[in-house]
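Counting starts at 1 for both ligands and their atoms, following the listed order.
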Amino acid sequence: MIYQSLKILNFRNLVFQELFFYDKCNIFVGDNAQGKTNILEALYLLSLTKSFKTNNINDLVNFDKDGFVLKASFIKNDYTYDLLFSYENKKKELLLNNKKIKTLKEIFGLLNIIIFIPDDLNLIKGMPGNRRKLIDIELSKIDNEYFDSLAKYYYLLKQRNIYLKNNNIESKILDVYDKQMLKYGHIIYQIRKKFISHLEPLVNKYYLKISCSDKLVNIKYQSNFMDDYELCEMLIINNRNKDLKTMQSNVGIHRDDFIFLLNNKEVRDYGSQGEQKSIILALKLALLEYIYLITKDYPIFLLDDVLAELDLKRQENLFKLLNNNIQTFITTTNLEGINKEVIKNSYIYKVENGNCERVDADEFGQ
Ligand SMILES: Nc1ncnc2c1ncn2[C@@H]1O[C@H](COP(=O)(O)OP(=O)(O)OP(=O)(O)O)[C@@H](O)[C@H]1O
Ligand SMILES: [Mg+2]
């Protein structure tokens, strides 16, 4: 998958930009607060119609304007697509090849992007919800059954939790919820379990290559669901009284977690900062490969400030892993330390005060 161009109007501090990209590595260089991350945010937004920084779309509108427009063209499996996202008069609109997109499902995964941001450390340190969100997004992009089951499950969960707050609860109604949630929950459990078992060796492979350490990474899938359907049913029945007392649903895949272990020790408790960053990076590289294996097409890779997060050796190892078939967008405050070969084989853009312009690496003394 290749982004060819992006036109930006009134998005954050980027008032008007028209960018043409290289099909390999694109490096955005600039001081702090110039607009580098904003460019990645625009690229990312077009794939999921959501930002990785905020849930409030109004934050994305330039302070002095009322709306924004992003227009991109990208190539996937030899087809060229035009995608336009606009937010004007408080209304979102998404057009694919000039045709209005009504539901997210129509485009989910079409423009597939994997991103690394400094905040990703929360994937290890933060709440289980962060980890579930990542897994849910990645699986929903490549598996329709997962997308549908997840949507149905969370709809039922919301309704069930509302119902549990009622004064007169009929057990027959809860039975209906439970039967449906068991069905979709079990599908989600199975897909998650299989996914983690495929991902784990890939994460190990990339962790070894980035860190040059022989420590073993494990991803432990923690769920109160089980392979046996009847046992899951029993679990839900046995928790009914607790659910009634606490007025919430206490068991099910909405409580799942994914724990990272390094040599059998929990990374969030024992891993160094560098080890944590390297595991996240290995996870993102593993996702790229996994998605390639399933879809026969590499996603686009966005790396925000990744170099500041890694020592020189690990930076070098990362660049060696950036496969020429993966279009990559990297932000950095300077080019120092980046291998000359990498710079020679990249497009370099200078980002200054909301302006982005392709330049020669000489500009930065490289
Ligand atoms: N809605 C908005 N309208 C105008 N400017 C905005 C808006 N939202 C954010 N900004 C500004 O955009 C500027 C650039 O932000 P961005 O996060 O892209 O910087 P950056 O180049 O990635 O910097 P750093 O190296 O510090 O990460 C910031 O000064 C920020 O205040
Ligand atoms: Mg930034």
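No continuous path of hydrophobic side-chain contacts links Ile291 to Phe147 [ILVMFWY only; heavy atoms under 4.5 Å].
For Phe68 and Phe11, the ring centers sit closer than 6.0 Å to each other. The aromatic ring centres of Tyr221 and Tyr189 sit less than 6.0 Å apart.
Using a cut-off of 4.0 Å between Lys/Arg side-chain N and Asp/Glu carboxylate O, Asp311 and Arg314 are scored as salt-bridged. No salt bridge links Asp143 with Arg192; every basic N to acidic carboxylate O contact stays at or beyond 4.0 Å. A salt bridge does not link Asp59 to Lys53: none of the charged nitrogens lies less than 4.0 Å from a carboxylate oxygen. The residues Lys313 and Glu316 are annotated as not salt-bridged, no charged nitrogen and carboxylate oxygen being separated by less than 4.0 angstrom.
For atom 31 (O) of ligand 1, the nearest protein heavy atom is 4.0 Å or more away.
Residue contacts with ligand 1: Asp305 is included, with a non-hydrogen atom under 4.0 Å away. The shell of residues lying under 4.0 angstrom from ligand 1, judged by heavy atoms, excludes Thr331. Contact between Gly35 and ligand 1 is present, with at least one heavy atom of the residue lying under 4.0 Å from the ligand.
Contact annotation: the side chain of Phe364 approaches that of Val359 to within less than 4.5 Å [non-hydrogen atoms, C-beta and beyond].
Atom 11 (C) of ligand 1 has its closest protein heavy atom at Asn13 CB, 4.1 Å. Nearest protein neighbour of atom 8 (N) of ligand 1, counting heavy atoms only, is Arg12 NH1, 3.2 Å. With hydrogens left out, the protein atom closest to atom 23 (O) of ligand 1 is Ala33 N, 2.7 Å, a heavy atom. Remark: minimum distance from atom 26 (O) of ligand 1 to any protein heavy atom is reached at Asn32 ND2, 3.1 Å.
Here Val61 has backbone heavy atoms under 4.0 Å from ligand 1, and that is the only part of it that gets that close.
Those atoms of ligand 1 with a heavy atom of Asn38 less than 4.0 angstrom away are 12 (O), 13 (C), 14 (C), 15 (O), 16 (P), 17 (O), 18 (O). Atoms of ligand 1 found under 4.0 Å from any heavy atom of Gln34, numbered from 1 in the order shown, are 14 (C), 19 (O), 20 (P), 21 (O).
When Glu41, Glu352, Lys53, Lys36 are checked for heavy-atom proximity to atom 25 (O) of ligand 1, Lys36 turns out nearest.
In terms of polar-atom proximity, defined here as any N/O pair under 3.5 Å, Thr37 does make such a contact with ligand 1. For the pair Leu60 and ligand 1, the shortest N or O to N or O distance does not fall below 3.5 Å. Residue contacts with ligand 1: Phe63 is placed with a nitrogen or oxygen under 3.5 Å of a nitrogen or oxygen of the ligand (distance criterion only).
Thr37 lies close to the Mg ion (ligand 2), since one of its N, O or S atoms is found at a distance under 2.8 Å.
At distances below 3.5 Å, not a single donor-acceptor pair connects side-chain atoms of His198 with backbone N or O atoms of Lys193.
A 6.0 Å sphere centred on CG of Asn55 holds no more than 12 heavy atoms belonging to other residues, nucleotides or ligands.
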